[in-house]
Amino acid sequence: MRERAARGVIFDMDGTLIDSEVHMEPVVKSFLLERGLTLETFDVEPLIGVSWNRVDTLLRQAFPQLGTSPV
């Protein structure tokens with residue numbers, strides 16, 4: 001079989017091919033619950049449509065008890 005060079009690459013800019021927003025809130029809730037925290041007083045809307053690095057930053061700002069070490 002003859003190999004062919006790729007003519008393009010598709011990057012999913014989160015929502016372009018797969019809508020993963022519906023999974024964000026349950027994942028964040030589970031993450032916080034595992035650490036004894038809840039989203040009761042936290043608005044998740046700023047987390048929608050941003051990178052997971054930004055989610056991490058926003059959660060650490062809202063919940064200083066998460067500390068700064070990777071989780």
Side-chain angles (χ1 to χ4, degrees):
M1 179 180 259
R2 186 176 148 213
E3 289 187 38
R4 294 175 25 181
R7 291 193 284 170
V9 177
I10 298 174
F11 291 95
D12 184 9
M13 301 305 286
D14 202 28
T16 305
L17 300 176
I18 298 171
D19 182 11
S20 60
E21 281 183 10
V22 297
H23 304 289
M24 186 276 304
E25 187 172 349
V27 168
V28 170
K29 281 183 178 179
S30 176
F31 170 82
L32 293 174
L33 283 173
E34 289 174 4
R35 288 151 182 83
L37 304 167
T38 65
L39 284 175
E40 290 177 14
T41 60
F42 183 76
D43 180 19
V44 296
E45 191 162 328
L47 305 181
I48 296 172
V50 299
S51 70
W52 283 104
N53 285 336
R54 181 70 179 143
V55 170
D56 177 67
T57 298
L58 293 170
L59 288 176
R60 289 177 192 279
Q61 288 172 353
F63 301 96
Q65 54 272 53
L66 289 174
T68 57
S69 60
V71 289

request  = Measure the CD-CG distance between Glu25 and Leu47 for me, rounded to the nearest 0.5 Å.
outcome  = 9.0 Å
task = With Leu59 as reference, evaluate Leu37, Val44, Leu66 under the side-chain contact (heavy atoms from CB on, under 4.5 Å) test and give the passing residue.
result = Leu66
Qualifying residues under side-chain contact (heavy atoms from CB on, under 4.5 Å), relative to Glu40, sequence neighbours excluded = Thr38
task = With sequence neighbours excluded, tell me which residues meet side-chain contact (heavy atoms from CB on, under 4.5 Å) with Asn53.
result = Ser51
message = Would you compute the distance between atom CE of Met24 and atom CZ of Phe31 and round it to the nearest 0.5 angstrom?
response = 13.5 Å
task = Flag yes if more than 12 heavy atoms outside Gln65 fall under 6.0 Å of its CD atom; otherwise flag no.
result = yes
ask   = Honestly curious: do Phe42 and Trp52 fall in one hydrophobic cluster under the side-chain, below-4.5 Å linking rule?
value = yes
key: side-chain contact (heavy atoms from CB on, under 4.5 Å) partners for Gln61, two or more places apart   = Thr57, Leu58
